A.B. asks: 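Below is one structure. I have some questions about it.
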Protein chains: 2
Amino acid sequence: MEQQQISTYLLKSGIRPLQKRVKIMSYLVSKRNHPTVDMIYSDLIHEINGLSKTTIYNVLNLFVQSGVALALNIEGNEVRYDADTSTHGHFKCKICSGVIDFRIKQEELPNPMLDGFRIDEHHYYLKGVCSFCANKIEA
Amino acid sequence: MEQQQISTYLLKSGIRPLQKRVKIMSYLVSKRNHPTVDMIYSDLIHEINGLSKTTIYNVLNLFVQSGVALALNIEGNEVRYDADTSTHGHFKCKICSGVIDFRIKQEELPNPMLDGFRIDEHHYYLKGVCSFCANKIEA
DNA sequence: ATGTAAAATGAAATGATTACAAAAATAGTC
DNA sequence: GACTATTTTTGTAATCATTTCATTTTACAT
């Protein structure tokens, strides 16, 4: 996606499309790697002059509050971010630590009987070993 | 559950049923409140003489590794523990921070096409506002 | 009882995240 | 284009959960 499109998207979501915000969203959208704050920082520090980690925290928190990004809490010691806010699941490999998406429809997810509850977010996480790592183990 | 039953259960799971381990498991099983380490510590410090937080971390890590407890990563800043290792979902209320279980069958959870992947754990988390807090807001 | 291995302890280290005050950038107005 | 008020970014320090590690204590078999 072009930076211009990102700007429009952010604006539409009630977020002023400032330079760093656009770059960070652009990174999330293009890489789709469910990065941690550290990953974003190490990748963008070269590209954005004088970027601070605090800014990344600020911007990501803003994104999550505004609903343009999801915070994934798959593992206790790290938060990962995802610009894809549509319904989908996540698989995390214990070996390579990679996180991949898998498609599921909203209707496929069970809807428990929770009378009077307001449900805002659905998170479906799987953990195990990905096919690539599984092959390496066998070999 | 009686402490005796807990001991037998731990033993069967390959865990030596030492005093503190039994007490901590007993706490998890009886309270079913998905506690954090801090909650366990503040509740058991009165009951167990000279209990240290490090011990709770040690014991819980052992429980998780041995498969007699689950570590829930619903929110990024806290890990909660659950002695119920059967398939079920968790709902966390944004207002009161309470976590409740809901029953789902293994078969109800979607099984994505992940060829060659080994899936070890399924986590299904919902977030929103529980009925109790929703009522309070309306009132 | 005694010795050995396992477990628990507490203090210090680590790592992620937040708070906060100062500096910089931005948008709107003249 | 310059001026000012407001918002954003920055960097440091503070906070909080968790782990590490050396030491002490406990459990258990002999």
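Below, read A as the first sequence line, B as the second, and so on, with proteins coming before strands; counting in each chain starts at 1. Treat the numbers as computed from the prediction; the structure is a model and nothing was measured.
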A.B. asks: Ignoring hydrogens, what is the shortest heavy-atom contact between A:Leu70 and A:Val64? Give both atom names and the distance.
C.D. replies: C-CG2, 4.4 Å
A.B. asks: Donor-acceptor pair, B:His88 side chain versus B:Asp101 backbone, under 3.5 Å?
C.D. replies: no
A.B. asks: Is the distance between the ring centroids of B:Tyr124 and B:His122 less than 6.0 Å?
C.D. replies: no
A.B. asks: In whole angstroms, how far is the P atom of D:dT8 from the CD1 atom of A:Ile15?
C.D. replies: 11 Å
A.B. asks: From CG of A:Leu60 over to P of D:dT9, roughly how many Å is that when rounded to an integer?
C.D. replies: 12 Å
A.B. asks: Rounded off to whole Å, could you give me the CD1-to-C1' distance for the A:Ile40 and D:dT9 pair?
C.D. replies: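 It is 16 Å, rounded to the nearest whole Å.
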A.B. asks: Provide, to the nearest angstrom, the distance between the CG atom belonging to B:Leu44 and the P atom belonging to C:dA8.
C.D. replies: 13 Å
A.B. asks: Please report, rounded to the nearest Å, how far the C1' atom of C:dA7 is from the CG atom of B:Leu10.
C.D. replies: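 For the pair B:Leu10 CG and C:dA7 C1', the rounded distance is 15 Å.
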A.B. asks: Please walk me through it: do A:Lys92 and A:Leu72 pass side-chain contact (heavy atoms from CB on, under 4.5 Å)?
C.D. replies: CA-CA 11 Å; A:Lys92 172 157 183 180; A:Leu72 310 181; over 6 Å; no
A.B. asks: For each nucleotide in nucleotides 14-30 of chain D, reading 5' to 3', give B when a protein heavy atom comes within less than 4.0 Å of its base, S when such contact involves only the sugar-phosphate, and - otherwise.
C.D. replies: ---SBBB------SS--
A.B. asks: Rounded to whole Å, please give me the gap between CZ in A:Arg80 and P in C:dA16.
C.D. replies: 12 Å
A.B. asks: Please find the pair of heavy atoms, one from A:Gly50 and one from A:Lys20, that lie closest to each other, and give the distance.
C.D. replies: O-NZ, 3.9 Å
A.B. asks: To the nearest Å, give me how far apart CG (A:Asn49) and C1' (D:dT8) are.
C.D. replies: 16 Å
A.B. asks: Between B:Thr55 and C:dA8, is there a contact of a side-chain N or O with OP1 or OP2 at under 4.0 Å?
C.D. replies: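 For B:Thr55, the contact criterion (side-chain N or O under 4.0 Å from OP1 or OP2 of C:dA8) is not met.
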A.B. asks: Look only at the side chain of A:Glu108 and the backbone of A:Lys105, and say whether a donor-acceptor pair between them is shorter than 3.5 Å.
C.D. replies: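 Flag set: sc A:Glu108 to bb A:Lys105 pair under 3.5 Å.
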A.B. asks: Once you round it to whole Å, what is the distance between P of D:dT8 and CD1 of A:Ile24?
C.D. replies: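 It is 13 Å, rounded to the nearest whole Å.
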